[in-house]
Each structure stands twice: as C-alpha cells, then as structure tokens.
**Student:** 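I am attaching a structure below and will ask some questions about it afterwards.
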Amino acid sequence: MITTTKPRKEINRIAEFKDKALENVFFDEYIEKSKRLMLVTTIIAGIAFLLLAVFPPLAMGIETEPPDLILRLAVFILSIVVAVISRKSYNARFVSNLNFIFIIILVVAYQALLVITNDTTLMD
C-alpha cells in the first residue's frame, strides 16, 4: 500500500514565508544569483555616464566643463568601487542596498550635471 502525504506549504496565501529563516535563505540565494547582473549593470552605468562627457565635444563641438568631468569621473570610480565591494561581499542584503544607493547617487549626479551645465531642457 502506497501512502502519499501532502507537501508542506512553505508560503501562505499572501505570499509570506511561514518560516522567517527560510525567507532569509531564499532572499540570499536570489541576490547571489543576480549578483553578476548587478555587477555588470553597475560597471556599464559608470562607463556610460563617463562616455557622455566625451560625446558633446566630439559631436557638437561643445566644451566639457571641469566640474562636469570631475563629477563624471567620480561616478565612474564609485561604480568600480561598488562593483568590487559587491563582488567580495557575502551579505546579500548589503549588496542589494549598496546597489540601490549607487543608483540613487547616479540619478542625483545626473541632476547635478544638468544644474552645472545650465541645461534646463532635460529637467522639464
């Protein structure tokens, strides 16, 4: 005689884990799997932000102002630092929070560049 048992439900109806320790394990595994994507995205964002300082002088003949270039270099260096720290860290929550903070800094730096260059067309 074969007996079957119902599988134990780990998640309730409102998509919460019944065991909070299991929730942390799931989150850590999820971040660990997506860590490579976060690293690549961070580096690409820093490179793109830096390359946008090269485009206006070459294509349109507009000079890049020193504060503009300094801020772009700082964001690029910060992207490399965030990528290195994220790669070496084993704490999933720290990695996700660090990348979230980097994205916020990237947006604020872009808005600061618009103010520095007195470009009000993109801020509207």
**Student:** Nearest 0.5 angstrom please: I47 CD1 to L52 CG, how far?
**Tutor:** 12.0 Å

**Student:** Quick one: does V75's side chain get under 4.5 Å of L50's, heavy atoms only?
**Tutor:** no

**Student:** Of all the heavy-atom pairs spanning A109 and L71, show the shortest one and how long it is.
**Tutor:**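 Between these two residues, the closest heavy atoms are O-CD2, 3.5 Å.
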
**Student:** Could you state whether L69 and L51 fall into the same hydrophobic cluster, counting links through intermediate Ile, Leu, Val, Met, Phe, Trp or Tyr residues with side-chain heavy atoms under 4.5 angstrom apart?
**Tutor:**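 In one cluster: yes.
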
**Student:** Once rounded to the nearest 0.5 Å, what's the spacing between atom CD of E29 and atom OG of S34?
**Tutor:** 11.5 Å

**Student:** Go through the structure and list residues passing side chain to side chain contact (heavy atoms under 4.5 Å, CB included) with S89, not counting sequence neighbours.
**Tutor:**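 For S89, the residues satisfying side chain to side chain contact (heavy atoms under 4.5 Å, CB included) (neighbours in sequence not counted) are N91, F94, V95.
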
**Student:** In terms of hydrophobic clusters joined by side-chain contacts under 4.5 Å, are F76 and V40 together?
**Tutor:** no

**Student:** Just to verify, which of I103, I101, V107 counts as forming a side chain to side chain contact (heavy atoms under 4.5 Å, CB included) with I105?
**Tutor:** I101

**Student:** Are N99 and S86 close enough that some pair of their side-chain heavy atoms sits under 4.5 Å apart?
**Tutor:** yes

**Student:** Taking side chain to side chain contact (heavy atoms under 4.5 Å, CB included) as the criterion, tell me which of V108, L113, L114 meets it with Q111.
**Tutor:** L114

**Student:** Quick one: which residue pairs count as a salt bridge (Lys or Arg N to Asp or Glu O under 4.0 Å) with a foot in residues 66-89, not counting sequence neighbours?
**Tutor:** D68-R72

**Student:** Between OG of S79 and CD1 of I44, what distance do you get to the nearest 0.5 Å?
**Tutor:**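 Interatomic distance, S79 OG to I44 CD1, rounded to 0.5 Å: 10.5 Å.
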
**Student:** If we only count heavy atoms from C-beta on, is the L39 to I43 side-chain gap below 4.5 Å?
**Tutor:**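 No, too far: nothing below the 4.5 Å cut-off.
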
